[in-house]
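Numbers here simply count residues along the sequence, with the first being 1.
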Amino acid sequence: MDPTGTFKNQKAPCGKIVDGETYEDRDEQTLLTEELCYACGCLVIRHEYHDGSVSRK
Ligand SMILES: [Zn+2]
């Protein structure tokens with residue numbers, strides 16, 4: 001996957017305010033998978049389904 005964008009000064013799940021990159025991927029089960037990669041090492045994966053529902057883990 002290639003980075004689709006960058007962000008700055010976002011609060012990571014660990015509580016730090018860091019920069020990072022976003023990645024997007026598409027597959028058959030999920031309409032869109034968005035990954036937020038924080039500079040501190042945290043990773044947030046967000047799925048957006050065909051019906052519009054969203055889950056985070
Ligand atoms: Zn972190």
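Applying the side-chain contact (heavy atoms from CB on, under 4.5 Å) test to Lys11 and every residue at least two apart in sequence or in another chain returns Ile17. Residues passing the side-chain hydrogen bond (donor to acceptor under 3.5 Å, both in side chains) test with Gln10: none are found, sequence neighbours excluded.
A donor-acceptor distance shorter than 3.5 angstrom exists from the side chain of Arg26 to the backbone of Leu31, with no hydrogens or angles considered.
Of all heavy-atom pairs spanning Phe7 and Cys37, the tightest one is CZ-O, 4.0 Å. Here the shortest heavy-atom pairing between Val18 and Ala39 reads CG2-N, 3.9 Å. Closest of all the heavy-atom pairs between Thr33 and His47 is OG1-ND1, 3.1 Å.
Applying the side chain to side chain donor-acceptor pair (under 3.5 Å) rule to pairs touching residues 12-21 yields Glu21-Tyr23, sequence neighbours excluded.
Between Glu35 atom CD and Arg46 atom CZ the span is 12.5 Å, to the nearest 0.5 Å.
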